[in-house]
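The structure appears below as structure tokens.
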Amino acid sequence: MLEGHTAVITGAAQGIGLAIARTFAEHGANIVIGDLDRAKAEEAAASLPTPAVGLHCDVTSEADVAGLLSAAVDSFGSLDVMVNNAGITRDATMRTMTEQQFDDVVQVHLRGCWNGTRLAANIMRTSGGGSIINLSSISGKVGFIGQTNYSAAKAGVVGLSKAAAKEVAHLGVRVNVVQPGLIRTAMTEAMPAKVWDQKLSEVPMQRAGEPEEVASVALFYASKLSSYMTGTVAEVTGGRYM
Ligand code: NAD
């Protein structure tokens, strides 16, 4: 479905990003992985079945994101798909959250997504189009205790994506959002068992999702299957908070 396409995925050294990279590669895409962890990004790229490179990139730095996108065009000749996936959590109740914890989460998710969306759109608008996929979270739809920073940033990703989608739709650039629920990755496995069980009890499908189940929705948005969709939000939650 992505034969001959080039996809850049941030935060893809592990977790959901890596599953997206693997799924896209299995469908023929050349892959560029950008992550804070260069060694893990290189290792992840080497594990893929299609040509792939892994590079250091801090998504909060405009220069880093610009460098990542240039690497894609220089290595493979085009930029067709951009996935803004890099993320962190710094959970604490409002009473105890530090300004640093608030700012760090907003910087990575919101500024990172803005950097990736506008810089990718700048390239895609001159090359006839492309697909941008931004990772939000169900936390941005309903708000979670201990996540005033993360819920704000993830709701912001939806607004950012819809505004961007309207700006670039006429240029053939689509911008869509994936909003995962409880997915089994390092980010969620760090939760106390009690919190995990509570979240699990809210899922109508009665199980956590796997990173590959988010990746297949990203593939849908990356491919022509979704050619008439932009500014949309896909909930990948097993029915939680539908
Ligand atoms: P993860 O912690 O397993 O992986 C995140 C990756 O992002 C890591 O490789 C990390 O090094 C990288 N990263 C962090 N800060 C970065 C930065 N400034 N620049 C570049 N890379 C950076 O997380 P995950 O669970 O795979 O989450 C991926 C995305 O999905 C995130 O945006 C997350 O908020 C979102 N999400 C996850 C879940 C879930 O249940 N796991 C649910 C909803 C949304």
Side-chain angles (χ1 to χ4, degrees), residues 8-23 32-45 47 54-69 82-91 101 103-117 119 133-144 147 149-158 160-161 177-191 195-196 198-200 202-203 207-215 217-218 233-238 240-241:
V8 173
I9 305 143
T10 66
Q14 64 178 46
I16 291 172
L18 178 54
I20 292 173
R22 192 169 293 126
T23 299
V32 177
I33 289 175
D35 201 286
L36 273 186
D37 189 331
R38 182 201 308 267
K40 251 178 128 173
E42 286 172 353
E43 199 182 309
S47 75
L55 300 168
H56 167 84
C57 172
D58 179 347
V59 297
T60 67
S61 156
E62 186 179 18
D64 275 18
V65 178
L68 189 70
L69 298 177
M82 173 66 177
V83 185
N84 293 299
N85 164 84
I88 58 169
T89 49
R90 297 286 183 270
D91 293 0
Q101 288 173 321
D103 289 347
D104 285 350
V105 167
V106 169
Q107 276 292 110
V108 174
H109 292 282
L110 214 43
R111 175 66 78 109
C113 195
W114 186 67
N115 283 339
T117 300
L119 293 173
I133 300 153
N134 293 333
L135 269 288
S136 172
S137 164
I138 206 67
S139 177
K141 177 181 175 182
V142 301
F144 286 151
Q147 292 198 325
N149 50 2
Y150 187 83
S151 295
K154 288 305 203 185
V157 166
V158 174
L160 182 164
S161 303
V177 179
V178 179
Q179 217 168 43
L182 183 64
I183 310 298
R184 199 183 299 280
T185 68
M187 188 181 269
T188 48
E189 278 171 352
M191 278 176 202
V195 178
W196 173 273
Q198 164 61 31
K199 288 182 184 289
L200 198 57
E202 298 164 353
V203 183
R207 65 173 179 85
E210 298 301 327
E212 293 70 25
E213 294 179 291
V214 180
V217 177
V233 181
E235 295 181 14
V236 187
T237 62
R240 182 165 169 236
Y241 299 126

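Whatever order the structure lists them in is the order used to number ligands and atoms, beginning at 1. Atom set for the values below is all heavy atoms of this structure, side chains included, hydrogens, waters and symmetry mates excluded.
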To the nearest 0.5 Å, what is the distance between [atom1] on [X] and [atom2] on [Y]?
X    : Y    : atom1 : atom2 : result
M187 : I88  : CE    : CD1   : 8.0 Å
M191 : Q198 : CE    : CD    : 11.0 Å
D64  : L119 : CG    : CG    : 11.0 Å
S151 : H109 : OG    : NE2   : 10.5 Å

Using a plain distance cutoff, I'd like to know if [X] has any nitrogen or oxygen under 3.5 Å from a nitrogen or oxygen of ligand 1.
X    : value
K154 : yes
D58  : yes
V59  : yes
I183 : yes

Which of the atoms of ligand 1 are close to I88, meaning less than 4.0 Å from one of its heavy atoms?
-> 14 (C), 15 (N)
At a 4.0 Å threshold, what atoms of ligand 1 neighbour a non-hydrogen atom of T188?
-> 39 (C), 40 (O), 41 (N)
Could you tell me the residue and atom name of the protein heavy atom closest to [atom], and the distance to it rounded to 0.1 Å?
atom                    : value
atom 17 (C) of ligand 1 : L36 CG, 3.5 Å
atom 36 (N) of ligand 1 : Y150 OH, 3.6 Å
atom 25 (O) of ligand 1 : T185 OG1, 2.5 Å
atom 22 (C) of ligand 1 : A86 CB, 3.6 Å
atom 4 (O) of ligand 1  : Q14 NE2, 3.5 Å
atom 10 (C) of ligand 1 : D35 OD1, 3.6 Å

Step by step, would you call K141 with Q179 a side chain to side chain donor-acceptor pair (under 3.5 Å)?
-> CA-CA 9 Å; K141 177 181 175 182; Q179 217 168 43; 5.8 Å; no
For [atom], which candidate among [options] holds the nearest heavy atom?
atom                    : options             : answer
atom 42 (C) of ligand 1 : G15, G181, G11      : G181
atom 44 (C) of ligand 1 : S136, G87, A12      : S136
atom 29 (C) of ligand 1 : N85, I16, N115, V83 : N85

Taking the side chain as every heavy atom from C-beta outward, state whether V32 and L68 have any atom pair closer than 4.5 Å.
-> yes
Can you tell me if C57 has a non-hydrogen atom under 4.0 Å from ligand 1?
->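 Contact present.
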Please confirm whether H109 comes under 4.0 Å of ligand 1, counting heavy atoms of the residue only.
-> yes
Atom of A218, atom of I133 and distance for their closest heavy-atom approach =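 Shortest heavy-atom contact: O-CD1, 3.4 Å.
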Measure across P211 and T185 and return the closest heavy-atom pair with its distance rounded to 0.1 Å.
-> CG-CG2, 3.9 Å
With sequence neighbours left out, write down each residue that passes side-chain hydrogen bond (donor to acceptor under 3.5 Å, both in side chains) with Q147, or none if nothing qualifies.
-> D91, S139
Only counting residues at least two apart or in another chain, list the ones meeting side-chain hydrogen bond (donor to acceptor under 3.5 Å, both in side chains) with R38.
-> none
Going by atom types alone, do T60 and N115 pair a side-chain donor with an acceptor below 3.5 Å?
-> no
